Amino acid sequence: MILPFIDPEDDIYINLCVLILLINALAKTSRGIQKLNNNRLHIFLYLLKNPTGLNEILRVLGKGNVVLQDRDTYSVTSISPNMDSLFDRNALKSLLSVLVAKKLVSITYKKGDGFFYSLSEIGKHLIADLNDEYLNEIRLLCEKLKSLLNFTEGQLNKEINRIILMGAV
């Protein structure tokens with residue numbers, strides 16, 4: 001008999017929490033410029049779920065690195081990461097739909113640039129209650145991701161593709 005296995009990475013509640021923290025940290029630059037559109041959100045979510053890849057991109061782009069837990073560097077996921085999230089835009093759209101329906105995220109549309117996301121006031125109040133070891137680690141990774149906001153989506157995609165081809169992610 002095979003027992004069902006639930007992958008915590010597929011848990012909708014964990015993914016919603018991670019996405020809220022990501023939007024909170026990266027929606028705008030320190031100058032208030034909105035930066036978090038669909039493409040960037042997708043890139044940053046992938047990097048959060050693959051910390052070894054995030055470390056490699058930070059290193060290559062001269063932005064330092066993050067201190068990873070043993071489970072991030074010595075696990076099956078780090079050796080053979082799940083590439084599905086890199087190509088699955090529907091999962092992100094589903095998560096965003098939930099956040100928008102719950103009025104946790106605000107959307108702004110800019111012609112030519114697309115949709116940009118930020119937390120609503122309700123969302124800002126909610127994140128104060130998201131205190132758990134895993135989510136605090138996500139917060140730290142989000143802080144490190146801020147250093148990548150100055151890079152274009154093309155530059156980030158190029159680096160992700162390069163490290164995938166090298167087998168570093």
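Quick caveat, the model's predicted, so the values are computed rather than measured. When a residue number appears, it is its place in the shown sequence, counting from 1.
Scanning all heavy atoms of the two residues, the minimum distance from L149 to K35 falls at O-CE, 3.1 Å. Residues L54 and L47 share a closest heavy-atom pair of CB-O, 3.7 Å. Of all heavy-atom pairs between L126 and I20, the closest is CD2-CD1, 3.6 Å.
Residues forming a side-chain contact (heavy atoms from CB on, under 4.5 Å) with C142 (at least two apart in sequence, or on another chain): L22, A25, L48, I138. With sequence neighbours left out, the side-chain contact (heavy atoms from CB on, under 4.5 Å) criterion links K144 to L58, V66. Looking at residues two or more places apart in sequence or on another chain, you find no salt bridge (Lys or Arg N to Asp or Glu O under 4.0 Å) involving R139.
Annotation: side chain of L95 is not in contact with side chain of V98 (no heavy-atom distance under 4.5 Å). Between E153 and R40, some side-chain heavy-atom pair lies under the 4.5 Å cut-off. A 4.5 Å side-chain heavy-atom check between T108 and Q34 finds at least one atom pair inside the cut-off. Proximity of N38 to L96: side-chain heavy atoms (C-beta onward) are separated by under 4.5 Å at one or more points. Considering only heavy atoms from C-beta on, L61 comes within 4.5 Å of L156 through its side chain. You'll find the side chain of K28 stays beyond 4.5 Å of the side chain of I33, heavy atoms only.
Checking side-chain atoms of D11 against main-chain N and O of Y13 turns up a donor-acceptor pair under 3.5 Å. A donor-acceptor distance shorter than 3.5 angstrom exists from the side chain of N131 to the backbone of A128, with no hydrogens or angles considered. Remark: side-chain polar atoms of Q155 are paired, donor with acceptor, to backbone N or O of T152 under 3.5 angstrom.
Sorted by first and then second residue, the salt bridge (Lys or Arg N to Asp or Glu O under 4.0 Å) pairs involving residues 91-119 (not counting sequence neighbours) form an empty list. Residues in residues 112-132 take part in these ring-ring contact (aromatic ring centres under 6.0 Å, His included) pairs, two or more places apart or across chains: Y109-F115. For residues 122-131, the pairs satisfying salt bridge (Lys or Arg N to Asp or Glu O under 4.0 Å) are E121-K124, with sequence neighbours left out.
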Full working for side-chain hydrogen bond (donor to acceptor under 3.5 Å, both in side chains) between K49 and N15: CA-CA 10 Å; K49 290 186 175 197; N15 282 302; 2.7 Å; yes
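Residue V60 is not grouped with residue L141 when hydrophobic side chains (ILVMFWY) are merged at heavy-atom distances under 4.5 angstrom, including chains of intermediate members.
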